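Order of appearance sets the numbers: ligands from 1, and atoms from 1 within every ligand. Just so we're clear, the structure is a prediction, and the values are computed from it rather than from any experiment.
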Amino acid sequence: MKLPYAEPYRIKMVESIKKSTIEERKKWIKEANYNLFNLKSDQVYIDLLTDSGTGAMSDKQWAEIMLGDESYAGSRSFEKLKNAVKDITGYEFFIPTHQGRAAENVLFSTLVKEGDIIPGNSHFDTTKGHIEFRKGKAVDCTIDEAFDTDLYHPFKGNIDLKKLEKVFTDNAIEKVPFIVITVTCNTAGGQPVSMKNIKAVSELCKQYKVPVYFDAARYAENCYFIKEREEAYKNKSVKEIAAEMFAYGDGMTMSSKKDGLVNMGGIIALKDEEVYRNAITYAIMFEGFITYGGMSGRDMGALAVGLYEALEYDYLASRITQVQYLGEKMDDFGVPVQKPIGGHAVYLDANKFVPTIPKEEYRAQALAIELYIVAGIRGVEIGTILADRDPETRENRYPELELVRLAIPRRTYTHNHMEYIASALKGIYDSRAEAKNGYAIVWEAPIMRHFTVKLKKI
Ligand SMILES: *Cc1c(COP(=O)(O)O)cnc(C)c1O
């Protein structure tokens with residue numbers, strides 16, 4: 001008998017979330033200038049803005065909060081975290097940071113110089129930002145299949161070896177200080193990278209003597225997908241898979257707000273002592289002394305426990321199943337979603353959902369606003385507003401995909417919440433023919449406009 005899916009935990013403490021009426025939400029979103037970032041959390045019923053730092057900690061993590069050692073140097077909490085990182089990654093050297101982009105800031109300060117080229121699989125915005133800020137260039141070498149949303153490929157985060165080798169041969173190799181493999185690939189929709197691909201990339205990089213670094217924000221989810229989708233790994237534990245994966249690289253940066261199962265924190269872990277020696281100067285300058293790096297002792301303790309919990313098979317199966325369940329339910333309703341469903345979010349395809357709204361009127365944003373007004377659910381636009389203007393012509397850039405991302409926080413919402421989200425979207429989808437008008441920009445910032453943009457209804 002195949003038993004149904006159910007969460008491998010029960011609830012010990014609850015946090016109230018507020019219901020509201022359509023009339024209230026219409027008023028609030030207008031006051032927020034039709035920008036979902038401007039809403040107060042109490043105006044939101046189910047918050048799917050991000051899965052970053054929004055998960056629930058366990059009783060064991062809360063116990064570690066009480067055990068936190070707040071000594072400036074050499075705290076027990078630091079030792080716990082250092083041992084956990086070494087045990088999981090195999091990397092000898094560890095620097096804590098206050099979040100993922102801070103880890104990038106510290107590591108790239110020592111590795112990236114003007115004119116450098118850093119290939120990878122669709123670098124995350126902050127990763128790209130930290131490369132470009134240092135006048136380097138991030139080159140996307142993701143496989144072509146990743147850009148076809150209707151095509152099924154089990155590992156759409158994979159790196160195209162030919163594209164990668166071309167970067168090595170077209171440029172002076174000393175201009176390529178390292179490559180970044182992002183697991184899972186956030187920008188490609190939470191799509192995983194296969195072990196076969198990681199191994200092949202690592203071998204190619206060895207030939208050219210180019211180090212390999214992981215952006216490991218969702219490495220545990222990636223290892224779960226390897227176990228589920230790569231035959232050779234089906235009998236290995238997720239922790240064993242992680243150990244093999246990290247062995248193919250030279251180090252990693254990580255936002256602990258994802259697979260660290262904490263609300264704030266970051267990690268740098270390194271094989272090479274010289275890189276570590278160079279990085280700690282920047283760590284002290286930007287983050288704090290090397291045994292706390294922007295984190296309090298109690299938070300390091302909670303992270304040490306969270307890292308292990310995030311590798312537990314039952315936890316991962318429940319997490320990924322919940323996201324897949326929501327995606328498949330919407331698919332059954334005919335609601336257009338990006339496929340295959342990734343690890344941490346479901347993406348609505350606004351071009352297929354509301355083609356009746358002109359693209360000049362920000363159809364993905366219009367859909368995200370409608371979802372909020374109808375059901376109190378907050379997602380985020382990944383479309384024209386996010387894509388911003390061309391720096392030269394100042395014209396809007398219209399990306400190929402207009403998406404609304406519904407990111408699912410870890411261990412936070414129940415099965416019933418997923419049913420509620422899917423039903424709300426079915427309702428909106430069934431009356432989609434009525435959607436005609438979108439929004440116009442009233443005010444926008446010169447860069448990163450999506451956070452502060454003001455809109456009006458057309
Ligand atoms: C979130 C994230 C980061 C940045 O981490 P922060 O903790 O938000 O600073 C970097 N890379 C990836 C893949 C991420 O998802």
Side-chain angles (χ1 to χ4, degrees), residues 37 48-55 81 85 95-109 111-112 118-133 138 140-142 146 156-159 178-193 198 212-223 225 245-246 249 251-269 282-283 286-288 293-295 299-300 302-303 306-307 310 319 323 342-345 347 380 382 386 403 405-410 448 450-451:
F37 285 100
L48 309 180
L49 187 67
T50 177
D51 66 323
S52 179
T54 52
L81 180 54
V85 170
I95 305 170
T97 62
H98 80 273
Q99 62 183 89
R101 68 198 70 185
E104 292 164 354
N105 188 29
V106 168
L107 185 66
F108 293 3
S109 289
L111 295 182
V112 182
I118 292 96
N121 52 340
S122 299
H123 310 62
F124 185 66
D125 342 0
T126 61
T127 317
K128 201 171 174 177
H130 274 293
I131 291 169
E132 291 175 352
F133 179 72
D140 189 358
C141 297
T142 314
K156 278 189 170 175
N158 279 358
I159 288 180
F178 62 98
I179 76 147
V180 185
I181 310 180
T182 305
V183 285
T184 58
C185 190
N186 189 348
T187 310
Q191 301 294 330
V193 186
I198 293 169
V212 173
Y213 286 88
F214 292 100
D215 177 347
R218 296 181 185 78
Y219 81 98
E221 291 173 7
N222 198 96
C223 292
F225 280 117
M245 183 187 84
F246 285 121
M252 62 92 124
T253 57
M254 178 178 178
S255 167
S256 310
K257 303 169 73 168
K258 283 85 170 212
D259 282 353
L261 288 173
V262 293
N263 306 111
M264 191 52 78
I267 289 171
I268 301 172
Y282 296 102
F286 298 144
E287 294 294 296
M295 293 183 77
D299 286 347
M300 288 191 283
L303 175 54
L307 285 172
R319 154 91 178 139
V323 178
H344 67 284
Y347 294 74
V380 69
I382 312 269
L386 182 76
L403 304 170
R405 185 183 77 174
L406 307 174
I408 310 298
R410 294 168 181 78
M448 308 279 270
H450 57 289
F451 288 119

* Structure fact -> Sequence neighbours excluded, the answer for side-chain hydrogen bond (donor to acceptor under 3.5 Å, both in side chains) partners of S109 is R134

* To do: Report the residues that fulfil side-chain contact (heavy atoms from CB on, under 4.5 Å) with D125, sequence neighbours left out, ordered by chain and then residue number.
  => none

* What are the two closest non-hydrogen atoms of V112 and I131, and how far apart are they? -> CG1-O, 4.3 Å

* Does the side chain of D140 pick up a donor-acceptor pair with the side chain of S122 at under 3.5 Å? -> yes

* Structure fact -> ring pair (Phe, Tyr, Trp, His ring centres under 6.0 Å) test vs F214 passes for just one of Y219, F124, F246, namely F246

* Can you sort out the partners of R218 under salt bridge (Lys or Arg N to Asp or Glu O under 4.0 Å), two or more places apart, ordered by chain and number? => D51

* Asked: At a 4.0 angstrom heavy-atom cut-off, what protein residues surround ligand 1?
  -> Q99, G100, R101, E104, F124, T126, T182, N186, D215, A217, R218, S255, K257, K258

